[in-house]
Protein chains: 2
Amino acid sequence: MDKKSPIQITLTERDDSVTITQWVYETLRGAVMNGQILPGRALTIRELAALLDVSPMPIREALRQLSAESALEIQGNRRVMVPTMTAMKFTELCEARIAIESHAAARALPYIDATRLAELHSLDRLIDQAQDDENLEQISILNQNFHRLLYTANPHQVTLPLIESLWLQLGPFMRLATSKLEEHYVIDRHNEAMLAIEKQDAFALQLAITADIREGIAFASTPELLHRFIEQSRTASHA
Amino acid sequence: MDKKSPIQITLTERDDSVTITQWVYETLRGAVMNGQILPGRALTIRELAALLDVSPMPIREALRQLSAESALEIQGNRRVMVPTMTAMKFTELCEARIAIESHAAARALPYIDATRLAELHSLDRLIDQAQDDENLEQISILNQNFHRLLYTANPHQVTLPLIESLWLQLGPFMRLATSKLEEHYVIDRHNEAMLAIEKQDAFALQLAITADIREGIAFASTPELLHRFIEQSRTASHA
DNA sequence: AAATTATTTTTGTGATCACAAAGTATGGTT
DNA sequence: AACCATACTTTGTGATCACAAAAATAATTT
């Protein structure tokens, strides 16, 4: 058991108002999102239960939910693991993000009022600030919040769960991408998006979102770098 | 308990090679898909356990998975139910289908070889046949198979789980729509799609898929009819 | 020594139990 | 008769246990 790569999960204080299962779910979700669990690493219920100091039951439920969200993968052996990434899959995930998120943005556009636009602006300012501080973790979170705030303007919106699933699958690798951030290479596409919102220009908004996603992936990591990392992470699972 | 609307779930023979949880999941999924459970109807673990004659455990797992797929909804009370539909949500689901599925089709196009095209053709013939027999249930299933076969041509495809989630949410209402089928109103957009495939014309394929989805919803049910049914189904939950 | 079989351990699955919170019904008070 | 407090029931949650399948290890044979 010890020969398997160790898992270092950041544990947050558990609020009693929340069920254990929910807490486990959020904890494991965070661990996957932050790349704390290596792709291909087999996860066992009892191991995680011991790690999080709970009974196997909440683990089972959380694992099943994460699997349904494609954050984890159930192999034929009934074993659960973080899915391995391939360059092609990475491309597909990014293109899916663009297709769905630009659609979600256009659908949200008519519902964005002055209040929400102001909120978007203030979020954007926080992102600028985080960029000055070079706080990569923060940038990533705030960027997600920006997108979420945009799409949820549509009160009838149904795509956010799908989008979050894609984020989850890309999570570990987005993190790598941002970790390579060095220059002021990040052109702020959010301003472009907000300008489009003010003009109620759906097409321009879609272009801005598309560009934002594409650059968010490409700004630091060249295709070659990406490719190399992906292949490297696949071999890591053999450890 | 008996004052609640009764649930009539079609039980299939359980294969021993499959886990009970898996069987329960498929059974409940089918029940939701076929509209056998009224939206808004509260589902309890013990009730379903008694109904399917299994212990509460597999029910719990299946419910959690279905909730993660947006097939069921967890209320604040921790109660689980089939989500209620609104006209706006219905529109959003359809538009999401179009956005994602036309994208998935375009992405699959380069991978469709002669073998798969032949399979698509033979599926299409089966659909024609089912249409002659006015076998609505069959048409619905075969139509899904057609779309699935198309999208899964792409070996790196990541959107099918998302698409299936949308199908699940639309399920009960798609069923209504097809139940209104009377005339030969159904123009076959599948031929259009397959022609586009032969020409390797991505844009034409997207148009065909879009038209297919749009008509699949609209061909029998006028917006007014749809609206009326949706409102009606909402009040049904008060029974 | 390599491959195959046998044994032991680990693991997921599913059933049962205990408990607290939510819901429902009941009975008493205004 | 309407309202509220109390008792009772139902329900989800989480822990524990039993078991069979799978994995890993050890033993045996070719």
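Convention: sequence-line order gives letters A, B, ...; per-chain numbering from 1. All figures in this text were calculated on a predicted structure; none of them were measured in a lab.
- To the nearest angstrom, C1' of D:dT13 lies 12 Å from CZ of A:Arg14.
- Following rounding to the nearest Å, B:Leu43 (CG) and D:dT10 (C1') show an atom-to-atom distance of 15 Å.
- The nearest whole Å value for the distance from the CE atom in B:Met81 to the P atom in D:dG12 is 14 Å.
- Ion pair A:Arg41/A:Glu47 flagged as a salt bridge, since at least one NZ, NE, NH1 or NH2 atom sits closer than 4.0 Å to an Asp/Glu carboxylate oxygen.
- In this entry the distance linking CG of A:Asp16 with C1' of D:dT13 reads 14 Å, nearest Å.
- Within a 6.0 Å sphere centred on CG of B:Asp113, other residues, nucleotides and ligands contribute more than 12 heavy atoms.
- Residues A:Val18 and A:Arg78 each lie close to DNA chain D; by heavy-atom proximity, the contact nearer the 5' end of the strand is made by A:Val18.
- Remark: A:Arg14 does not engage A:Glu26 in a salt bridge, criterion side-chain N to carboxylate O under 4.0 Å.
- Between the side chains of A:Arg116 and A:Thr152, at least one donor-acceptor pair of N or O atoms lies under 3.5 Å.
- With respect to the salt-bridge test (charged N to carboxylate O, under 4.0 angstrom), the residues B:Arg148 and B:Glu101 do not qualify.
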Using a cutoff of under 3.5 Å, can you pull out all pairs of nitrogen or oxygen atoms linking the protein to nucleotides 15-20 of chain D, with atom names and distances?
residue	atom	partner	partner atom	Å
D:dA15	OP2	A:Ser55	N	3.1
D:dA15	OP2	A:Ser55	OG	2.1
D:dA15	O5'	A:Ser55	OG	3.3

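- In this entry the distance linking CG of A:Leu63 with C1' of C:dG12 reads 11 Å, nearest Å.
- Taking every side-chain heavy atom of A:Thr21 into account, D:dG14 is the closest of D:dT11, D:dG14, C:dT11.
- Across the protein-nucleic acid pair, A:Leu48 atom CG and C:dT11 atom P stand 11 Å apart, rounded to whole Å.
- Here D:dG12 presents its C1' atom at 9 Å from CZ of B:Arg79, a figure rounded to the nearest Å.
- With respect to B:Glu69 and B:Arg64, no salt bridge is recorded, no charged nitrogen being found less than 4.0 Å from a carboxylate O.
- What separates CD1 of B:Ile59 from C1' of D:dT10 is a distance of 17 Å, to the nearest Å.
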